[in-house]
Amino acid sequence: MKEFYADLHIHIGRTKSGRPVKITGSKRLTLRRILEAASERKGIDLIGIIDCQSPEVIEEIEEMILEGEMVEIADGGLQFGQSTLILGSEIEIYDEHCHGPIHILAYFPTIEIMKTFSIWMSGYVKNINLSSQRVYCDGITLQKKVHSLGGLFIPAHVFTPFKSLYGKGVISSLSEVFDPSMIDGIELGLSSDTYMVRGIKELEQYTFLTNSDAHSVGKIAREYQKMRLDHASFTELQKALQEKDGRAVVANYGLNPLLGKYHQTVCGGCAAKVDEGLSECPICHQHNIIKGVATRIKELSESEESERPRPPYIHQVPLDFIPGLGPKSLDRLLLAVGTEMNILHKATYKELAAVVPEKLVRYIDQSRKGKLLIEVGGGGKYGKVQKEES
């Protein structure tokens, strides 16, 4: 068995021809740039691109296969350079059982199966070319379709206030919308971690994932996980989610939840922090209160303990959050040690200090150890790392 890094939630901003896929995504976020950045710069072994149902994206993947730039793996996935592409789709559910829209991630082993799913889904969405489209069928129908094609079904960023399972999607239980037996894992999202959600009993049966939800190349691998697999493929990923045959997620790496842009409850008008239970902002007196993830998790928790052992959740600040670490300094580090994964996990303090000022190395070292001081985020605004005093 070996260890592999996986980020399974990356968007495509534009197709090869310039057609929008994820409208809010960067225009530079193309399939090729994602693959090259994840494989060569980031050091990610499994890359989950979740807009692969778009017909132009499918065409581009098929072209790369024909030209020998990607190779189909026997047990699922596509090899590109040092990385394996896992084909995915993000979909919005808002059926008669939902109290608000819910985003889910569906993954499939081959491009032919993804084509089959895309054709099916085109009959249930208004624009199959775009990401995160609302599907006009109920959640369980979608679950059954994904599983009938041998796919994986994972609710996405489940605690964020908007477009998520526990944000506004359900009142108290995922069984209000989904068949629990057809869920293959849970993506926590940027404003929560394993420790915060240990009291939600209905989640104990699922493996937790931590992914970037990247809308730009720079955001790839701001959250990710380390997996123990035989090799990087779809089937091995499936076994890891099921914790079968020794495969497993062995560590989650994510933002300190305090950095997440929806961690605390704030006023949507003036961004002031609002105490739990208040419906009116004490500062501007608006009623536009955005409930924080921390508050929502408390509402759902039945205890503070979990019977299921979990891998460590390591609070790791992404490199682009490090004060003073600009593109030139990062490029020097990459030239010296190879990839961002090497910077974050393998390079020694001495190796890093030979390339960039020691102040930056201290920040990176403190990030590795979860010791950076954090200014809390909320209401759509990320938290930030506090700078050292001069």
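In this text the structure is predicted, and so the values were computed from the model without any measurement. Along the sequence shown, residues carry numbers from 1.
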Is a salt bridge present between Lys219 and Asp213, judged by a nitrogen-to-oxygen distance below 4.0 Å? no
Approximate separation, where rounding is to 0.5 Å, of Ile154 CD1 and Ile104 CD1: 9.0 Å
Walk me through whether Glu63 and Lys16 qualify under salt bridge (Lys or Arg N to Asp or Glu O under 4.0 Å). CA-CA 11 Å; Glu63 284 177 15; Lys16 183 179 177 181; 3.1 Å; yes
Flag the pair His157 / Phe159 as yes when their ring centroid distance falls below 6.0 Å, and as no otherwise. no
Is the closest side-chain donor-acceptor distance between Gln53 and Ser89 under 3.5 Å? yes
Out of curiosity, Ile34 CD1 to Ser83 OG, how far, rounded to the nearest 0.5 Å? 12.0 Å
Could you please spell out the steps behind the salt bridge (Lys or Arg N to Asp or Glu O under 4.0 Å) verdict for Arg32 and Glu69? CA-CA 10 Å; Arg32 182 175 293 278; Glu69 294 181 272; 2.7 Å; yes
Assess whether side chain to side chain contact (heavy atoms under 4.5 Å, CB included) is satisfied between Leu241 and Tyr206, documenting all intermediate values. CA-CA 8 Å; Leu241 294 177; Tyr206 304 116; over 6 Å; no
I'd like to know whether Glu62 forms a salt bridge (Lys or Arg N to Asp or Glu O under 4.0 Å) with Lys115, so could you lay out the CA-CA distance, the side-chain angles of the two residues, the decisive distance to 0.1 Å, and finally the verdict. CA-CA 11 Å; Glu62 290 182 319; Lys115 284 170 69 175; 2.9 Å; yes
pair Leu87-Ile61: side-chain heavy atoms closer than 4.5 Å: yes
For residues Ile297 and Met196, report the shortest heavy-atom separation together with the two atoms involved. CG2-O, 3.2 Å
Hphob cluster co-occupancy, Ile50 + Val146, side-chain heavy atoms under 4.5 angstrom: no
Just so I know, are the side chains of Gln133 and Met121 near enough to count as touching, which here means a heavy-atom distance under 4.5 Å? no
Any side-chain donor paired with an acceptor under 3.5 Å for Glu112 and Thr116? no
Answer yes or no: is there an ion pair linking Glu204 with Arg198, defined by an N-O contact shorter than 4.0 Å? no
Please give me the minimum heavy-atom distance between Leu31 and Ile12, naming the atom from each residue. CB-CD1, 4.2 Å
Asn211 and Glu187: side chain donor to acceptor below 3.5 Å: yes
Sub-4.5 Å side-chain heavy-atom contact between Lys328 and Val356: no
Answer yes or no: is there an ion pair linking Glu340 with Arg222, defined by an N-O contact shorter than 4.0 Å? no
Going through the checks in order, is the side chain to side chain contact (heavy atoms under 4.5 Å, CB included) test met by Lys145 and Leu149? CA-CA 6 Å; Lys145 185 62 184 180; Leu149 294 172; 4.0 Å; yes
Is there side-chain contact between Glu202 and Leu300, with heavy atoms separated by less than 4.5 Å? no
Looking only at side-chain N and O atoms, does Gln225 offer a donor or acceptor that is under 3.5 Å from a partner on Asp7? no
Check the pair Leu142 / Ile140 against side chain to side chain contact (heavy atoms under 4.5 Å, CB included), numbers first and verdict last. CA-CA 5 Å; Leu142 181 61; Ile140 291 178; over 6 Å; no
Side chains of Thr207 and Arg308: do they bring a donor and an acceptor to under 3.5 Å? yes
Checking Thr84 side chain against Phe80 main chain: does a donor-acceptor pair fall under 3.5 Å? no
Is it the case that the side chains of Ser132 and Lys22 hold a donor-acceptor pair, with the cut-off being a distance below 3.5 Å and no angle test? yes
Distance-only polar pair, side chains of Gln82 and Ser39, donor-acceptor under 3.5 Å: no
Check whether any side-chain heavy atom of Leu174 lies under 4.5 Å from a side-chain heavy atom of Leu203, and answer yes or no. yes
Side chains of Arg228 and Arg247: does their closest heavy-atom pair fall under 4.5 Å? no
Scan side-chain atoms only and decide if Tyr349 and Glu358 contain a donor-acceptor pair under the 3.5 Å cut-off. yes
Provide the closest heavy-atom pair for Phe108 versus Gly151 in the form atom of the first, atom of the second, distance. CD2-CA, 3.8 Å
Considering only heavy atoms from C-beta outward, does the side chain of Arg14 approach that of Val21 to under 4.5 Å? no
Are Leu190 and Ile102 connected in a single hydrophobic cluster, I mean Ile/Leu/Val/Met/Phe/Trp/Tyr linked by side-chain heavy atoms less than 4.5 Å apart? yes
Do His315 and Tyr253 make the cut of ring centroids closer than 6.0 angstrom? no
Minimal non-hydrogen separation, Pro155 against Leu165, with atom names: CB-CD2, 4.3 Å
To the nearest 0.5 Å, atom CG of Leu188 lies from atom OG1 of Thr160 at 11.0 Å
Nearest heavy atoms of Ala38 and Ile47, plus distance in Å: CB-CD1, 3.4 Å
Apply ring pair (Phe, Tyr, Trp, His ring centres under 6.0 Å) to residues His285 and His287 and explain how you reach the verdict. CA-CA 7 Å; His285 305 292; His287 291 269; 9.1 Å; no
Between atom CG of Asn252 and atom CD of Gln316, what is the distance when rounded to the nearest 0.5 Å? 11.5 Å
What about the rings of His97 and His99, do their centers lie closer together than 6.0 Å? no
Looking at CD of Gln205 and CD1 of Ile186, how far apart are the two atoms once the value is rounded to the nearest 0.5 Å? 8.5 Å
Using a 6.0 Å cut-off, check whether atom CZ of Arg28 has over 12 heavy atoms from anything other than its own residue. no
Could you report the tightest heavy-atom contact between Glu223 and Gly189, atom names first, then the distance? OE1-O, 3.9 Å
If you draw a 6.0 Å radius around CD1 in Ile23, do more than 12 non-hydrogen atoms from other residues or ligands fall strictly inside? no
Mind checking whether Lys126 and Tyr136 have side chains closer than 4.5 Å, heavy atoms only? yes
Exercise: do Ser175 and Ser173 side chains pair donor with acceptor under 3.5 Å: yes
So, does Tyr363 use its side chain to make a donor-acceptor pair with the main chain of Leu319 at under 3.5 Å? no
Ion pair check, Arg33 and Glu36, cut-off under 4.0 Å: no
Test side chain to side chain contact (heavy atoms under 4.5 Å, CB included) on Leu237 and Leu8; report intermediate values, then the result. CA-CA 10 Å; Leu237 168 63; Leu8 300 171; 3.9 Å; yes
Using distance alone, with no hydrogens and no angle criterion, decide if Ser233 and Asp75 have a side-chain donor and acceptor under 3.5 Å apart. yes
Residues Phe153, Tyr107; criterion ring pair (Phe, Tyr, Trp, His ring centres under 6.0 Å); working and verdict: CA-CA 7 Å; Phe153 186 96; Tyr107 301 96; over 10 Å; no
Could you tell me whether Arg310 and Asp193 make a salt bridge, using a distance below 4.0 angstrom between a side-chain N and a carboxylate O? no
Salt bridge between Lys201 and Glu302, side-chain N to carboxylate O under 4.0 Å? no
Does a donor on one side chain sit under 3.5 Å from an acceptor on the other, for Ser54 and Asp51? no
same_hphob_cluster(Ile73, Met114) at 4.5 Å side-chain heavy-atom cutoff: no
